[in-house]
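Data block below; observations after.
Reminder, nothing fancy here: chain letters follow the sequence lines and each chain counts from 1. Just so we're clear, the structure is a prediction, and the values are computed from it rather than from any experiment.
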Amino acid sequence: MPATPPAPSDFVRDIVAGHIAAKRYPKIVTRFPPEPNGYLHIGHAKSICLNFGIARENAGQCNLRFDDTNPVKEDIEYVDSITTDVRWLIAGWADDVLGFKPKGAKPAAVTSNGRPDHFLAPAAVGASAEPFFASDYFAELYAYAVQLIKKGKAYVCDLSAEDTESYRGSPDQPGKDSPFRTRTVEENLDLFARMKAGEFPNGARSLRAKIDMTAPNLWLRDPLLYRIRHVPHHHAGDAWCIYPLYDFAHCLSDYIEGITHSICTLEFVDHRPLYDWILGSLDLPRALPHQYEFAKLNLGYTLVSKRKLLQLVQKKVVTGWDDPRMPTLSGLRRRGIPASAIRQFAYNIGVTKNDSVTDVAVFEHVIRESLNVSAERRLAVLKPIKIVLTNLAPGEVVACTATNNPQSETPTTRGIGLTREVFIESEDFAEVPPPKYFRLKPGGEVRLKYACIIKLDEIVKDAAGVITELRCTADLTTRSGQPNSDRKVKGTIHWVSADQAIDAEVRLYDRLFTAAEPAATDDFLQHVNLQSLEVVTAKLEPALAAASPDECFQFERLGYFTPDAKESGAGKLVFNRTITLRDAWAGKIPGHK
RNA sequence: UGCCUGAUGGUGUAAUGGUAGCACAAGCGACUCUGACUCGCUUUGUCUAGGUUCGACUCCUAGUCGGGCAGCCA
């Protein structure tokens, strides 16, 4: 997989390309605007790759901006996790177009040439820089709201939430004007100032745009611009008790930052006329941003909804937002999935306006494709069964050489020792083998990878009939470099020396849901896969003792595994299975799958 | 019953009036000291009905089906 895939093409990029050809903007500026009310997930990755991708392909800029206008749902924990996750996803790919600003900077403090420019060169983006926050614009936003009132385009409304809803009408029924719609500019100004001053309780009044209560588009029926919320804000502190709503804050935040292309998902199509109305109703001298919408990601057997993922966390279905089974970027990272694979995935699925469900196999494919090239191979046995090589003496060690990565252009090797007692995978032995079984069977031969061919002589069982060991003879003339090394047997299996093996907890993950579209079911919690985690104590080759969580290994013939960043350490090794290898055999075993 | 939006193999996505292609999945085969990887081959598609045109996935008309919208969430 190329580190930098070829530049993708899609309808959004076509629009941008048209603007560049027309020299409509001096610089392309996009933004990724999460609300800090949950962790980022694979669906957000699609948006991040689109926004940062467009910026990097056009020598532009993409601001990370927190859309933090609703303090009751937001938290600093999410600000931190989102920042970390975005930087991880774009690292080595779009760092140089990441828009950050000096810590604490607000628009007025850094405006130059009549145009706010918070952008720092990548070298300057260190501890003294931070993402953008819509809440840093609260003062500007308030001033714009006052301007709207003065133009007679906004009014303070005293309707309760319930009345506001009923006055709005329904999709096929026009709404009716609020009795407060005709207040004078002076009265609105006074009331709005007193809202800001904290004179009224939560929900007592709101600021509304004066548009058209009979508009067929519900979002044009005098939408709310500000609500009263006597709560402190995680970023703005306790400076405010009125907070702007999304529609008012977003378009103006885009304008303040000089965004050219405001890219969002399809559910905001209905909001676009409002986005344009607000910007068009104010005196805004600079070029206005425009909104473009694409279809968000839906992934099979996966939940792509912050709200629903939060429920999994709260109900302790998973251990946290970063549980390796979660489709969050934190979870995927902990599981061992490379950021480059996620970017490749975004590239492969494309960007359209079609509401669709992507097959998880597409995601799994890019993970394997990436790891196959990068992961070093190791030997590990998940569910061991003991083999005794009767022609080796106790304590005897036969030195073998294993290749670290056959995909490498210049593969390196490491030594492993074959001893009298070794563990093999219990699945690699069958007392009564199915047809076409290539692995160890009574009287049969297999090759121990990197070692030699062995022949099964005897199956030893205890009094209860349980197999305790398999006694085999090793044909040491079939080792690499030995005269019979190219002797062919149908099966090659992995193994670990019983003397040298180290124990590790290995967590085997499966999909979190049994339903192809959990979000489309009545209750997704009823479709949680109760077998999504299986914990085994595995036998690993000794080299794995030094593995670090930023490495992912292929355990040969099994899959890709990475040390758990939170729980694996010198005292106790814990590995997460990132993904299995493709297994063409599994589907062919009679009665299997 | 209002407004917005979409429809191409099993899935996702190209083709912007000129050979329906790519990826994933599936199947068969080759190779193999990973039943992996790699390689070769194969199956399967333009929502429907009209129209325009030498020629339509593409343009027009009418339908059908799907998604979104009535938070003081984003």
Side-chain angles (χ1 to χ4, degrees), chain A residues 9-10 14 33-35 37 67-70 72-74 157 159-161 164-166 168-175 202-208 215-221 223-229 243 245-247 249-250 264-273 293 295 300 306-307 348-366 368-369 372-373 377 379 402-403 406-407 436-439 446-453 478-480 485-494 554-559 580-588:
Chain A
S9 170
D10 53 62
D14 287 347
E35 183 188 13
N37 66 345
D67 219 340
D68 54 350
T69 57
N70 186 6
V72 304
K73 287 190 173 180
E74 299 160 6
C157 180
L159 248 26
S160 67
T164 303
E165 185 182 338
S166 64
R168 184 154 39 224
S170 62
D172 53 355
Q173 207 59 230
N202 291 344
R205 294 182 217 267
S206 62
L207 184 74
R208 293 233 251 164
N217 183 335
L218 294 162
W219 290 102
L220 261 21
R221 320 241 267 225
L224 272 76
L225 268 19
Y226 270 87
R227 80 287 230 189
I228 299 172
R229 282 258 218 278
Y243 292 97
L245 278 106
Y246 166 85
D247 290 292
H250 202 93
C264 62
T265 49
L266 252 24
E267 63 265 33
F268 292 101
V269 170
D270 292 333
H271 297 239
R272 196 192 324 131
E293 312 88 7
K306 269 195 281 189
R307 209 190 98 255
N348 287 359
I349 59 175
V351 178
T352 68
K353 294 171 101 99
N354 304 344
D355 188 25
S356 59
V357 181
T358 297
D359 193 331
V360 266
V362 178
F363 187 42
E364 294 171 344
H365 175 258
V366 294
R368 294 190 179 105
E369 184 179 45
N372 177 47
V373 175
R377 314 285 115 132
L379 295 182
T403 304
Q407 303 287 324
K436 294 261 214 160
Y437 189 77
F438 298 161
R439 284 110 98 142
V446 291
R447 175 176 287 280
L448 295 183
K449 185 150 196 196
Y450 304 124
C452 62
I453 293 172
T478 59
R479 284 184 293 152
S480 302
S485 67
D486 56 356
R487 215 185 104 197
K488 305 291 182 197
V489 284
K490 211 52 177 144
T492 298
I493 64 175
H494 57 279
Q554 183 192 107
F555 291 178
E556 296 214 37
R557 300 210 313 129
L558 294 172
T580 61
L581 251 27
R582 273 190 70 210
D583 188 357
W585 167 243
K588 294 179 183 175

For RNA chain B, what string of dots and brackets results from 5' to 3' when Watson-Crick and G-U pairs need both distances under 3.5 Å, crossing pairs get [ ], and pairs with another strand get |? .((((((..((((....[..)))).(((((.......)))))....(((((..]....))))))))))).....
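- Going from the C1' atom of G2(B) to that of A14(B) covers 35 Å, rounded to whole Å.
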Can you check each nucleotide of nucleotides 64-72 of chain B against protein heavy atoms at under 4.0 Å and return B for base, S for sugar-phosphate only, - for none, in 5' to 3' order? ---SBSBSB
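- G17(B) and C59(B) have their P atoms separated by 8 Å, with the value rounded to a whole Å.
- A15(B) and A7(B) have their P atoms separated by 12 Å, given to the nearest Å.
- Listed candidates were A14(B), C73(B), G6(B). Nearest to the side chain of N354(A) is G6(B).
- Taking atom C1' in both A20(B) and A56(B), the straight-line distance is 12 Å, to the nearest Å.
- Rounded to whole Å, the separation between the P atoms of C47(B) and C41(B) comes to 29 Å.
- Nucleotide G9(B) holds its C1' atom 14 Å from the CG atom of D359(A), rounded to whole Å.
- Nucleotides U43(B) and U38(B) are separated by 22 Å at their P atoms, to the nearest Å.
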Using a 4.0 Å heavy-atom cut-off to protein, can you give one letter per nucleotide of nucleotides 31-48 of chain B, 5' to 3': B if the base is in contact, S if only the sugar-phosphate is, - if neither? --BBBSS-----------
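- Spacing between C73(B) and C65(B) at atom C1', rounded to whole Å, works out to 31 Å.
- Checked for salt-bridge contact, K449(A) and E556(A) meet the test: a charged N lies under 4.0 Å from a carboxylate O.
- Nearest to the side-chain atoms of N70(A) among the listed nucleotides A14(B), C73(B), G6(B) stands C73(B).
- For the pair Q173(A) CD and G2(B) C1', the interatomic distance rounds to 9 Å; values are reported in whole Å.
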